[in-house]
Amino acid sequence: MLVVQDIRDRKDTIVESLKKRNWSEEQINVLDKVVVADDKRRSLQTENDHNLNKVNTASKQIGGLMRDGKHDEAESLKSSIAEIKSEIKVKEEEIRAVKLEIEELLLGIPNTLHADVAFGKGEEDNVVVKDWADELPNLGEGALPHWELADKYNLIDFELGVKITGAGFPVFRGKGSKLCRALINFFLEEAEIAGYEEFAPPLMVNAESAKGTGNLPDKEGQMYHMEKDGFYLIPTAEVPLTNIFRGDIIKNEDLPLKVTGYTPCFRREAGSYGSHVKGLNRVHQFDKIEIVQIQTPEKSYETQMEMVAHVERLLEKLELPYRILRLCGGDATFAAAMTFDFEVYSAAQKRWLEVSSVSNFETYQSNRLKLRYRDENGKTQLAHTLNGSALALARIVASLLENHQTPEGIKIPKALIPYTRFDIIN
RNA sequence: GGAAGAAUGGCAGAGCUGGUUUAAUGCACCGGUCUUGAAAACCGGCGUGCCUUCACGGGCACCGGGGGUUCGAAUCCCUCUUCUUCCGCCA
């Protein structure tokens with residue numbers, strides 16, 4: 001959520017950003033509406049504080065008069081502030097209403113994009129910041145997509161998932177299941193080496209947490225909701241991991257905070273159908289290791305590049321052909337100021353699969369989370385939050401199977417063998 | 001699931017028969033005096049948010065969350081949440 005003061009201070013920048021997100025002039029007018037509503041809020045606040053001060057002063061006087069036994073004077077003072085009291089009641093209701101109005105307007109405004117983010121309509125305009133330097137692998141005619149490989153080697157049973165739960169809930173078995181377990185351990189240990197503290201958070205969160213990271217109300221339809229208890233199944237570990245710090249004021253010297261965690265992720269994926277969701281390309285439940293950092297505004301972009309480098313290292317160790325994109329305005333996530341997407345080339349499907357997304361949210365999440373730090377002058381400031389997948393299992397499994405298939409079987413990359421304790425699936 | 005008790009500023013801990021408490025006191029922390037330096041001692045500072053002011057400053061709100069009673073609530077009432085203890089049930 002944007003900070004109202006920012007809209008006052010750097011409106012031009014925000015307008016520019018909204019244009020990058022292809023907002024119309026009319027939509028951009030919401031900024032003025034916010035400022036108008038906030039002006040109203042301020043004047044109401046001033047008037048109300050003034051009234052409260054009168055009542056407070058009178059109450060103290062009444063206390064004194066009562067002690068002195070001057071009951072008549074006390075009574076007349078009481079009746080003299082009755083009118084102010086009812087005025088306070090009205091004003092407080094108005095303040096409540098205008099605050100709600102401001103929040104609703106703000107919730108509809110996406111984060112302000114970093115100046116380096118390009119204009120663009122959609123996916124096709126994303127900027128490739130690092131392309132795969134070598135020739136893309138060509139596996140020839142016999143190459144199989146991962147769902148056929150999964151079937152051939154008895155790694156994943158999609159039908160069984162349908163029986164137990166429904167479509168989009170694959171069941172891993174045998175070496176398929178072991179491969180998942182190995183990847184989880186590999187990713188967690190790599191994160192630990194990179195200085196992240198590991199957490200095993202709850203898989204359900206309350207509404208307050210979902211709101212903190214911006215999943216509510218923006219993406220309500222994407223989450224599974226337990227109505228009876230008011231909980232949401234997490235769509236990513238980002239939600240519980242970032243909410244660890246909700247409401248905190250962190251000491252400057254403790255930054256950056258680096259946390260990681262493995263969790264299953266649950267997504268309703270309402271409205272996605274067709275061939276591009278086949279196999280593991282898009283599922284309702286998948287495993288993911290997330291990395292999260294809390295950082296100062298001065299260093300957050302440096303940190304984002306560090307996280308990008310971490311993900312790169314993982315993909316290199318898994319020996320997968322990848323490229324890095326900087327999302328353009330038209331494709332950028334609502335809450336992010338800048339996002340890098342990682343895509344792995346699937347030689348069998350002959351397409352790029354998104355496997356990671358590393359975002360800097362600047363203060364967009366921390367404003368809702370009330371996550372602050374104390375700067376070198378002792379002043380509290382909103383911290384910057386960042387997160388990235390490192391990495392998401394289902395699609396990594398898909399690309400591992402497809403890219404490392406040979407006539408003899410699927411070769412396990414060297415870095416992973418200590419975790420799988422087998423070097424080939426055949 | 002039932003019963004009782006509790007929730008106060010970074011921590012500990014008063015206040016809880018409603019009005020000089022503007023939340024005492026201690027510890028921690030920061031600055032200063034003293035000291036070659038440090039410790040000790042002493043002095044001062046020490047929460048968050050909002051409104052207002054060019055500024056100095058002033059005002060308002062916050063004692064787990066929400067609501068109520070009252071001229072006035074940390075203090076009384078209702079409600080929710082969490083914790084502790086006990087009982088029941090159960091991996």
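Since we're looking at a predicted model, the values are computed, not measured. Here is how names work: the chains are called A, B, and so on, in the same order as the sequence lines, proteins then strands, and each is numbered from 1.
Distances shorter than 4.0 Å separate some side-chain N or O of A/Arg374 from OP1 or OP2 on B/rU48. At least one side-chain nitrogen or oxygen of A/Asn56 sits closer than 4.0 Å to the OP1 or OP2 atom of B/rC60. Between A/Lys85 and B/rG72 there is a side-chain N or O to OP1 or OP2 distance below 4.0 Å.
For the pair A/Ile250 CD1 and B/rG10 P, the interatomic distance rounds to 15 Å; values are reported in whole Å. Rounded to an integer number of Å, the gap from A/Arg368 CZ to B/rG49 P is 20 Å. Atom CZ of A/Arg8 and atom P of B/rC51 are 9 Å apart (whole Å). B/rC71 atom P lies 8 Å from atom CD1 of A/Ile81, rounded to whole Å.
B/rG19 sits 7 Å from B/rG72 when the C1' atoms are compared, rounded to a whole Å. When the P atom is used for both B/rU48 and B/rU53, the distance is 23 Å, rounded to whole Å. Going from the C1' atom of B/rA7 to that of B/rU75 covers 14 Å, rounded to whole Å. The C1' atoms of B/rC62 and B/rU22 are separated by 15 Å, rounded to the nearest whole Å. Nucleotides B/rG15 and B/rA6 have their P atoms positioned 13 Å apart, rounded to a whole Å. Comparing the P positions of B/rC34 and B/rA39 gives an interatomic distance of 15 Å, to the nearest angstrom. Separation of the C1' atoms belonging to B/rG58 and B/rG64 is 31 Å when rounded to the nearest angstrom.
Counting only N and O atoms by type, the side chains of A/Tyr196 and A/Gln293 include a donor and acceptor under 3.5 Å apart.
With rounding to the nearest 0.5 Å, the separation of CG in A/Asn126 from CG in A/Asp331 is 4.5 Å.
Other residues, nucleotides and ligands contribute more than 12 heavy atoms inside 6.0 Å of the CD atom of A/Gln27. The number of heavy-atom neighbours closer than 6.0 Å to CD of A/Glu302, taken from other residues, nucleotides and ligands shown, is 12 or below. With a 6.0 Å radius and a threshold of 12 heavy atoms from other residues, nucleotides or ligands, A/Glu83 has its CD atom at or below the threshold.
Under the Watson-Crick and G-U wobble criteria, each requiring two contacts below 3.5 Å, nucleotide B/rG15 is paired to B/rU8.
When each of A/Leu52 and A/Ser43 is assigned the nucleotide of RNA chain B with its nearest heavy atom, A/Ser43 is the one assigned upstream, toward the 5' end.
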